[in-house]
Trainee: 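This is the structure, below, for whatever I ask next.
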Amino acid sequence: MGETVVSTLSVSEMLVENARQLIPKLREATLEIDRNSQIPNEIIQEMREKGLLKVLRPKIFGGHETSMQNYFDVVTEISRGNPSAGWFTALSNIRDYMISYVYGEKALAEIFGPNRDNDVILAGNFKPIRIDIEKVDGGYFIKDAQWPFVSGAPYADWFYCGTPVDDGNGGIEMAILIVPREDVTVLDDWDVVGLKGSGSNSIVIKEVFVPDHRISLDRLAQQRHYMIDELKDNPLYRTPFVPSLTLSIAAPVLGTALGGFDVHMERVNKAGIGNTFYNKMSDAPLTHLQIAEIDLKLECARSLFENAIKILDDYSTSGKEFTQKVSIRIKAQYGYANQLCKEAYDLMLAGSGSVFAYNNNVFQAFYRDFITMHLHAFITPSSLLETHGRLMVDLEPNTYFA
């Protein structure tokens with residue numbers, strides 16, 4: 001097991017270096033993760049020990065409480081080692097930030113208090129496939145419900161779930177509830193082409209009571225109604241919610257592309273080009289053009305991410321009013337960065353050769369993982385760019401998640 005870095009590095013620098021140290025082990029485990037649809041327990045444990053699953057957790061609950069930029073940097077390094085591990089790291093960390101918005105002191109103490117030394121892992125999804133829930137004295141009773149795409153489900157200690165509830169005026173509003181693992185059944189239904197180790201299984205909850213303190217109404221959470229006093233003036237927990245949640249889906253994209261490029265460059269420097277006289281790809285002018293363009297596309301993607309995150313961090317520290325227009329432009333930057341990474345992968349694929357077809361090809365595994373995350377609705381380039389363009393001509397956004 002690798003040693004945790006101990007030096008004069010800042011906490012943020014230490015976390016990035018700890019993530020970087022894991023890249024060789026994660027890369028080596030890629031085919032095992034792809035084959036078994038699971039991140040090995042020893043890697044999960046090492047991530048815990050290196051503090052990589054509590055980057056955004058409040059210090060009062062044993063976390064590092066750093067910044068969105070540090071979070072992005074950590075996720076990029078882990079994703080460069082293995083995309084499923086990067087996805088898991090991105091989603092598990094963002095949930096610490098989310099529940100700091102969504103729940104009060106009693107719930108947070110229940111979630112983190114007894115388990116803070118074990119680096120509690122949270123998983124969840126907002127939109128259920130089905131749900132039968134009713135209001136009862138002291139909380140809500142879930143008769144039967146199912147949520148899909150609950151990334152990290154096999155590894156989680158607590159689950160947060162979105163649910164429609166009666167708003168008391170004859171209508172429906174959204175709420176978020178949180179339940180412990182013992183109240184949840186994780187289905188073995190994550191049979192997919194990519195991100196196999198992300199553990200994005202469905203979950204089922206039946207015949208479970210959820211007390212009021214573990215339920216929050218979405219409209220009140222957005223107004224910071226539940227936030228405890230210790231966090232209200234902390235810049236990290238003032239970071240705008242919608243683009244931060246979108247970042248959690250986009251964050252693994254760059255690292256996954258960089259990791260694929262690492263693997264591709266290993267082949268460039270030793271393999272030839274079929275049906276030509278080039279015994280090494282690195283001798284061919286076409287290869288020179290391809291890898292140069294890949295390198296610059298990925299650098300542009302990084303710049304777009306970092307510019308967007310700087311805007312988020314600036315708003316969180318300045319306390320300026322965050323507008324819908326800014327939020328949608330940030331999301332468009334994520335989308336375009338995603339598109340640039342896809343274009344970089346297309347160039348890599350053009351030079352990958354017929355060995356790409358083999359299922360023991362690490363580059364193929366990275367490519368499938370990338371395509372799976374690239375197509376996520378939160379970061380689909382065409383949708384995010386269209387919404388940005390709509391606002392540029394003074395039309396309303398065509399998404400509820402604005």
Trainee: For T89, does its backbone N or O pair with a side-chain atom of N93 as donor and acceptor, under 3.5 Å?
Mentor: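 Indeed, once roles are kept as given, a pair shorter than 3.5 Å links the two residues.
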Trainee: Go through the steps for S327 and Q324 under the test side-chain hydrogen bond (donor to acceptor under 3.5 Å, both in side chains), then give the verdict.
Mentor: CA-CA 5 Å; S327 177; Q324 184 184 78; over 6 Å; no
Trainee: Any salt bridge linking D262 with R80? Criterion: basic side-chain nitrogen under 4.0 Å from a carboxylate oxygen.
Mentor: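 A salt bridge links D262 with R80.
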Trainee: Any side-chain heavy-atom pair from I133 and L177 closer than 4.5 angstrom?
Mentor: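 I133 vs L177: side chains touch.
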Trainee: Walk me through whether R95 and R57 qualify under side chain to side chain contact (heavy atoms under 4.5 Å, CB included).
Mentor: CA-CA 9 Å; R95 287 162 185 147; R57 184 171 304 167; over 6 Å; no
Trainee: Verify salt bridge (Lys or Arg N to Asp or Glu O under 4.0 Å) between R219 and E173, making sure each step is shown before the conclusion.
Mentor: CA-CA 8 Å; R219 60 181 168 82; E173 64 177 327; 2.5 Å; yes
Trainee: Check this for me: E321, atom CD, are more than 12 non-hydrogen atoms of other residues, nucleotides or ligands nearer than 6.0 Å?
Mentor: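 Atom CD in E321 is not packed in, count stays at 12 or less.
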Trainee: Assess whether atom NZ of K135 is packed by more than 12 heavy atoms of other residues, nucleotides or ligands within 6.0 Å.
Mentor: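 Enclosed.
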Trainee: Output yes when E110 and R214 qualify as a salt bridge under the 4.0 Å nitrogen-oxygen rule, no when they do not.
Mentor: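 Yes.
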Trainee: Under the 3.5 angstrom rule, does the side chain of E77 hit a backbone N or O of A19 as a donor-acceptor pair?
Mentor: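 Not at all, since once roles are kept as given, no pair shorter than 3.5 Å links the two residues.
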Trainee: Indicate whether the side chain of K50 and that of Q21 have a donor and an acceptor atom separated by less than 3.5 Å.
Mentor: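 Distance-only check passes for K50 and Q21.
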Trainee: Determine yes or no for a side-chain-to-main-chain donor-acceptor pair under 3.5 angstrom, with Y97 supplying the side chain and T239 the backbone.
Mentor: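 The answer is yes, because a donor-acceptor pair under 3.5 Å joins these two groups.
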Trainee: Okay, side chain of N125, backbone of V150: is any donor-acceptor separation there less than 3.5 Å?
Mentor: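 No: the side chain of N125 does not pair with the backbone of V150.
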Trainee: With a 4.5 Å limit on heavy-atom distance, are the side chains of F366 and N361 in contact?
Mentor: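 No - every pair of side-chain heavy atoms lies 4.5 Å or more apart.
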Trainee: Without hydrogens or angle criteria, can the side chains of S303 and E306 be said to hold a donor-acceptor pair below 3.5 Å?
Mentor: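 Looking only at side-chain atoms, E306 and S303 do not form any donor-acceptor pair under 3.5 Å.
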Trainee: What distance do S84 atom OG and I33 atom CD1 have between them, rounded to the nearest 0.5 Å?
Mentor: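 The OG atom of S84 sits 6.5 Å away from the CD1 atom of I33.
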Trainee: When you look at F72 and L247, which way does the side chain to side chain contact (heavy atoms under 4.5 Å, CB included) test go after all the steps?
Mentor: CA-CA 8 Å; F72 175 76; L247 176 63; 4.2 Å; yes
Trainee: In terms of side-chain geometry, is the basic nitrogen of K25 or E46 positioned less than 4.0 Å from the acidic oxygen of its partner?
Mentor: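 Yes, this pair counts.
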Trainee: Taking W147 for the side chain and G162 for the main chain, is one N or O donor matched with an acceptor at less than 3.5 Å?
Mentor: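 Yes: the side chain of W147 pairs with the backbone of G162.
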Trainee: Out of curiosity, M348 CE to C341 SG, how far, rounded to the nearest 0.5 Å?
Mentor: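 Separation between the atoms: 8.0 Å.
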Trainee: Within a 6.0 Å radius of atom CG on D191, are there more than 12 heavy atoms belonging to other residues, nucleotides or ligands?
Mentor: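 Atom CG in D191 is not crowded, with 12 or fewer foreign heavy atoms closer than 6.0 Å.
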Trainee: Regarding Q222 and D218, do their side chains bring together a donor and an acceptor under 3.5 Å, going by distance alone?
Mentor: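 Per modelled atom types, Q222 and D218 side chains form a pair under 3.5 Å.
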Trainee: In Å and rounded to the nearest 0.5 Å, what is the NE2 to CD1 distance from H388 to I330?
Mentor: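 H388 atom NE2 to I330 atom CD1 measures 11.0 Å (nearest 0.5 Å).
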Trainee: As a quick check of understanding, evaluate salt bridge (Lys or Arg N to Asp or Glu O under 4.0 Å) for E293 and K297, giving each step before the final call.
Mentor: CA-CA 6 Å; E293 190 170 357; K297 283 182 184 293; 3.6 Å; yes
Trainee: Judged by atom type as modelled, is there a donor-acceptor pair below 3.5 Å linking the side chain of Y226 to the main-chain atoms of L217?
Mentor: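 Pair found, side chain donor or acceptor close to backbone of L217.
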Trainee: For the residue pair S67 and D313, confirm or rule out a side-chain donor-acceptor distance under 3.5 Å.
Mentor: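 The criterion, which ignores hydrogens and geometry beyond distance, is not satisfied for D313 and S67.
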Trainee: Could you go step by step and tell me if D346 and K342 meet the side chain to side chain contact (heavy atoms under 4.5 Å, CB included) rule?
Mentor: CA-CA 6 Å; D346 288 343; K342 171 63 163 58; 3.0 Å; yes
Trainee: Looking at S200, S248, S79, which one forms a side-chain contact (heavy atoms from CB on, under 4.5 Å) with W87?
Mentor: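 Filter result, single survivor: S200.
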Trainee: For the backbone of D233 and the side chain of R238, can you confirm whether one donor and one acceptor N or O come within less than 3.5 Å of each other?
Mentor: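 Yes, the answer is positive, given that a donor and an acceptor are paired below the 3.5 Å cut-off.
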Trainee: Would you indicate whether the side-chain heavy atoms of I228 and I60 approach each other to under 4.5 Å?
Mentor: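 Side chain of I60 against side chain of I228, heavy atoms only: contact under 4.5 Å found.
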Trainee: D369 side chain to L195 main-chain N or O, any donor-acceptor pair under 3.5 Å?
Mentor: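 Indeed, once roles are kept as given, a pair shorter than 3.5 Å links the two residues.
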Trainee: Quick one: do the R368 and Q364 side chains pair a donor with an acceptor below 3.5 Å?
Mentor: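 Present: a donor and an acceptor within the cut-off.
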Trainee: Please check if the number of heavy atoms outside E105 that lie under 6.0 Å from its CD is greater than 12.
Mentor: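 Counting neighbours around CD of E105, 12 or fewer heavy atoms of other residues, nucleotides or ligands fall under 6.0 Å, so no.
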Trainee: Passes side chain to side chain contact (heavy atoms under 4.5 Å, CB included), Y71 versus Q69? Steps please.
Mentor: CA-CA 5 Å; Y71 161 73; Q69 181 63 59; over 6 Å; no
Trainee: CG of D212: more than 12 outside heavy atoms within 6.0 angstrom?
Mentor: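 Yes - once you tally the heavy atoms of other residues, nucleotides and ligands closer than 6.0 Å, there are more than 12.
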Trainee: For residues Y140 and F209, establish whether the separation of their ring centroids is below 6.0 Å.
Mentor: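 No, the ring centres sit 6.0 Å or more apart.
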Trainee: Is the shortest heavy-atom distance from the side chain of T185 to the side chain of I203 under 4.5 Å?
Mentor: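 A side-chain contact under 4.5 Å is absent here.
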Trainee: If I take atom OH from residue Y160 and atom CD1 from residue I111, how far apart are they, to the nearest 0.5 angstrom?
Mentor: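 Between Y160 OH and I111 CD1, I get 12.0 Å after rounding to 0.5 Å.
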Trainee: Can you tell me if CZ on F241 sees more than 12 non-hydrogen neighbours from other groups inside 6.0 Å?
Mentor: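 Yes.
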Trainee: Using 30° and 60° as the class boundaries, would you call the ring planes of F149 and W190 parallel, tilted or perpendicular?
Mentor: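 Perpendicular: the ring planes of F149 and W190 meet at over 60°.
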Trainee: As an exercise, state the distance from OG of S383 to NE2 of H376, rounded to the nearest 0.5 Å.
Mentor: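 Between S383 OG and H376 NE2, I get 12.0 Å after rounding to 0.5 Å.
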Trainee: Nearest 0.5 Å, what's the CZ-CG distance between R329 and L384?
Mentor: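 Answer for the CZ-CG pair, R329 versus L384, is 13.0 Å.
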Trainee: Closer than 3.5 angstrom, by distance alone: can the side chain of H64 be matched with the main-chain N or O of V11 as a donor-acceptor pair?
Mentor: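 No.
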Trainee: Checking side-chain contact (heavy atoms from CB on, under 4.5 Å) between I142 and each of T163, D132, I205, which is the one that passes?
Mentor: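 So the option named by the test is I205.
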Trainee: Please assess R130 against D144 for the test salt bridge (Lys or Arg N to Asp or Glu O under 4.0 Å), listing each intermediate value before the final yes or no.
Mentor: CA-CA 8 Å; R130 68 175 191 273; D144 180 33; 3.0 Å; yes
Trainee: Establish, yes or no, whether a centroid distance under 6.0 Å links the rings of Y101 and Y237.
Mentor: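 When the ring centroids of Y101 and Y237 are compared, they turn out to be at least 6.0 Å apart.
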Trainee: Verify the neighbour count for atom CG of D188: are there more than 12 heavy atoms of other residues, nucleotides or ligands below 6.0 Å?
Mentor: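 No.
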Trainee: Main chain of S352, side chain of R267: is a donor-acceptor contact present, judged purely on distance under 3.5 Å?
Mentor: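 Indeed, once roles are kept as given, a pair shorter than 3.5 Å links the two residues.
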Trainee: At their closest point, which heavy atom of A123 faces which heavy atom of G152, and how far apart are they?
Mentor: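 Closest heavy-atom pair between A123 and G152: CB-C, 3.9 Å.
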Trainee: Can we say E396 and R390 salt-bridge, meaning some charged N sits less than 4.0 Å from an Asp/Glu carboxylate O?
Mentor: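 Salt bridge: no.
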Trainee: Does atom CD (E28) have a neighbourhood of more than 12 heavy atoms from anything else shown, all under 6.0 Å?
Mentor: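 Counting neighbours around CD of E28, 12 or fewer heavy atoms of other residues, nucleotides or ligands fall under 6.0 Å, so no.
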Trainee: So that I can tick it off, tell me whether D283 and K280 are bridged by a salt bridge, with the cut-off set at under 4.0 angstrom between side-chain N and carboxylate O.
Mentor: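 Salt bridge flag = no for D283 with K280.
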